[in-house]
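Only a predicted model underlies this, so the values are computations on that prediction, with no experimental measurement involved. Every chain is numbered from 1, with letters handed out A, B, ... down the list of sequences.
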Amino acid sequence: MSKPATMRRMPLIAHVDVNCFYASAERSFDPSLEGKPVVVLSNNDGCAVTRSPEAKALGIPLGEPWFKLAPRAKEWGLVALSSNYELYGDISARVMELLGRYSAWLEVYSIDEAFLGVKGTPDELLALGRTMKTAVRRNVGVPVCVGIAATKTLAKLANKWAKNNPAFDGVCHWDSVAPADRESLMGRLSVIEIWGVATRLTKRLNVLGIHSILDLSRADPVMIRDRFSVVMMRTVLELQGTPCIPMEEERIGRDQLIFSRSFATSITTAAGMRQVLSVYGQQASARLAKHGLQAKVLTAFAGTSHFNPKDTSYPSVCVPLPMPTADPVLLTRAAHTLLPHISEGVRYARAGIMVTDLRPTGNQAPLALFENPHEERRVGTLLDDVTRRYGRGSIGLGHAGIRGGPDWTMKRDMLSPRYTTHWDELPLVKAA
DNA sequence: TGGGGTCCT
DNA sequence: AGGACCC
């Protein structure tokens with residue numbers, strides 16, 4: 001199991017993640033939030049995606065719609081904030097940069113999580129975990145926990161344990177815990193707590209009498225592979241201490257890019273849809289150019305609300321592009337082929353485009369957004385058009401479109417300042 | 001009452 | 001293409 005790995009000083013995996021990241025990021029710049037129940041809302045201020053410990057203590061479930069929370073917010077002293085991705089992205093970069101100093105082998109797994117390859121005696125590993133935790137808290141201002149184990153799956157489990165059991169003080173080295181205690185934990189926890197197992201798989205496992213993590217760790221990997229998949233088999237092996245999920249290189253370029261939003265107010269006209277698709281075409285172009293990529297295929301889609309199960313409609317078109325491109329005009333034109341499938345009067349609650357079959361831009365400069373002056377002119381017109389109609393800030397690349405704007409822009413009524421990335425929104429510090 | 005992704009079958 | 005998962 002994991003013991004030989006430790007004895008042979010095989011590299012282990014440290015999993016580091018920020019406790020309730022969005023809420024912690026907000027707090028690190030607004031100390032008045034300390035000790036208060038805080039929730040951060042999803043796009044469109046739809047539902048609570050992050051809760052501070054105080055908000056959890058109020059019994060607010062993850063994913064609770066804001067419209068249900070709002071009436072009681074005052075009574076609870078609940079603070080709700082719109083997602084401020086610029087702030088979180090910046091805090092994330094600082095955390096990752098700092099972690100990179102403790103291991104050359106860093107995999108940034110998500111905005112608030114990283115895996116690190118680490119080596120050392122159990123004492124050294126525990127010390128390393130504590131050092132990282134303290135450093136991130138002091139230098140970036142957000143709390144993290146650390147789990148260290150032979151595999152990614154166990155490292156994540158150890159991290160979760162560290163978060164839930166104060167005795168660990170935020171750092172759990174799996175192999176340093178008494179086997180009886182580990183078994184007791186795994187016996188108490190449902191398989192749904194494991195990385196890679198969610199509701200569907202949990203149901204199927206339960207049918208086989210596999211309920212706890214301990215049950216799963218004792219299952220026969222081959223049986224699991226036959227009845228489920230190689231993915232689930234890897235999970236079983238990882239629980240047994242055999243690394244099956246490798247550290248990954250930094251991924252350059254995505255397989256696909258999606259631009260999609262639900263609307264604050266539904267779109268009911270082809271003209272409205274045309275504008276939305278134009279914006280997506282723009283955004284896709286900018287992102288492709290930024291990554292030095294071109295797309296061969298574009299899919300455009302729209303859909304009615306699934307909370308309104310009558311008169312549903314989900315039109316979509318898939319457009320092979322004549323040649324790989326990141327050109328805003330060509331992408332927008334392709335996206336507009338959805339328009340004939342749009343029926344006037346139908347209430348579309350969302351729309352989007354997806355570009356796939358991506359490949360690196362050839363010998364053209366990756367950042368040459370507008371190749372020929374003719375097209376540049378037309379793009380300018382497109383931007384001007386929307387801006388004239390809906391006002392400045394309604395459209396644009398990057399973050400230009402988030403304030404105000406037409407009905408279909410994102411609703412972010414409770415946005416905190418972009419403290420770290422915009423000069424006019426820097427926090428003020430008064431020296432006494 | 002989110003929006004982006006990936007991998008496997 | 002669709003179904004599962006992740007954050």
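Residue contacts for A:Arg204: at a heavy-atom cut-off of 4.0 Å it reaches no nucleic acid atom on any strand shown. In this structure, A:Val49 reaches neither bases nor backbone, as no heavy-atom distance under 4.0 Å exists between it and the strands shown. Within the 4.0 angstrom heavy-atom criterion, only backbone atoms of the sugar-phosphate kind lie near A:Lys156; the bases stay farther away. Counting non-hydrogen atoms under 4.0 angstrom, A:Glu113 reaches the backbone sugars and phosphates but no base. Contact annotation for A:Thr50: no contact, since no heavy-atom pair falls under 4.0 Å across all strands. Backbone-only contact: A:Arg287 has heavy atoms under 4.0 Å from sugar-phosphate atoms and none from a base. Using a 4.0 Å heavy-atom distance criterion, A:Ile194 is classed as a sugar-phosphate-only contact. A:Ile111 comes within contact range of no nucleotide atom at all, as no heavy-atom separation falls under 4.0 Å. Using a 4.0 Å heavy-atom criterion, one finds that A:Leu41 contacts no nucleic acid atom at all. Nucleic acid contact for A:Trp66: none, since no nucleic acid atom lies under 4.0 Å from a heavy atom of the residue. Counting any heavy atom pair closer than 4.0 Å across all strands shown, A:Phe259 reaches sugar-phosphate atoms only and no base atom.
Although no hydrogens or angles enter the test, the distance criterion places no donor-acceptor pair under 3.5 Å between the side chain of A:Ser42 and the main chain of A:Asp45. Looking at A:Ser92, its side chain does come within 3.5 Å of a backbone N or O of A:Ile111 through a donor-acceptor pair. Between the side chain of A:Tyr88 and the backbone N or O of A:Asn84 there is at least one donor-acceptor pair closer than 3.5 Å. Of the possible donor and acceptor atoms, one in the side chain of A:Asp215 sits under 3.5 Å from a partner among the backbone N and O of A:Ser212. Judged by distance alone, with hydrogens and angles left aside, the side-chain atoms of A:Ser52 form a donor-acceptor pair with the main-chain N or O of A:Lys36 at under 3.5 Å.
To the nearest 0.5 Å, atoms CD (A:Glu238) and CD1 (A:Ile245) are separated by 4.0 Å.
In this structure, A:Ala326 and A:Ser285 approach most closely via the heavy-atom pair O-OG, 2.7 Å.
Side-chain rings of A:Phe115 and A:Trp195 approach one another, their centers coming within less than 6.0 Å.
A:Ser82 and A:Arg412 share no side-chain donor-acceptor pair at under 3.5 Å.
Bounding nucleotides for the chain A contact on DNA chain B, 5' to 3', at a heavy-atom distance below 4.0 Å, are B:dT1 to B:dT9. For DNA chain C, the span of nucleotides reached by chain A at under 4.0 Å from its heavy atoms goes, 5' to 3', from C:dA4 to C:dC7.
With DNA chain B read from its 5' end, the first of the two nearest nucleotides for A:Arg225 and A:Pro65 is the one closest to A:Pro65. In terms of position along DNA chain B, the nucleotide closest to A:Gly46 lies nearer the 5' end than the nucleotide closest to the other residue of the pair A:Val230 and A:Gly46.
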